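Source: prediction; values computed, not measured.
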Amino acid sequence: MSDEEKIETCFLCGKKFDMNKSELAYYRYDKYPICDYCAEFYSFYKEDL
């Protein structure tokens with residue numbers, strides 16, 4: 001269920017965030033959590049595969 005909290009620590013900035021409530025957050029290489037802020041800030045690095 002997406003209402004459940006899934007607290008992760010951003011791989012880039014170290015900020016704790018709820019992956020299920022974040023709109024831009026994603027897992028880099030299916031392993032490293034990236035928060036909304038870093039996902040937006042570093043969006044030009046994101047690969048379009």
Side-chain angles (χ1 to χ4, degrees):
M1 238 179 151
S2 65
D3 292 342
E4 192 175 312
E5 274 192 326
K6 185 173 184 182
I7 303 300
E8 294 283 3
T9 302
C10 181
F11 179 70
L12 297 173
C13 71
K15 176 184 168 187
K16 292 195 181 291
F17 66 99
D18 186 348
M19 182 62 88
N20 291 332
K21 291 184 180 176
S22 300
E23 292 180 22
L24 300 173
Y26 68 99
Y27 287 100
R28 181 78 168 165
Y29 304 120
D30 296 324
K31 189 175 182 180
Y32 305 106
I34 308 295
C35 73
D36 279 344
Y37 176 78
C38 290
E40 184 176 4
F41 187 78
Y42 295 107
S43 64
F44 57 91
Y45 286 121
K46 192 171 181 181
E47 298 169 359
D48 294 321
L49 297 175

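- A continuous path of hydrophobic side-chain contacts links Y26 to Y32 [ILVMFWY only; heavy atoms under 4.5 Å].
- Put simply, NZ on K21 and CD1 on I7 are 8.0 Å apart, with the number rounded to the nearest 0.5 Å.
- Note on I34 and Y27: separate hydrophobic clusters, where clusters join Ile, Leu, Val, Met, Phe, Trp and Tyr whose side-chain heavy atoms are under 4.5 Å apart, directly or indirectly.
- With D18 as the partner, the side-chain contact (heavy atoms from CB on, under 4.5 Å) test is satisfied by one option alone out of E8, E4, E5: E5.
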Enumerate donor-acceptor pairs with a distance under 3.5 Å from any side-chain N or O in residues 9-17 to protein atoms, sequence neighbours excluded.
{"unit_1": "T9", "atom_1": "OG1", "unit_2": "K16", "atom_2": "NZ", "d": "3.1"}

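- A search for side chain to side chain contact (heavy atoms under 4.5 Å, CB included) contacts involving F41 returns Y37, not counting sequence neighbours.
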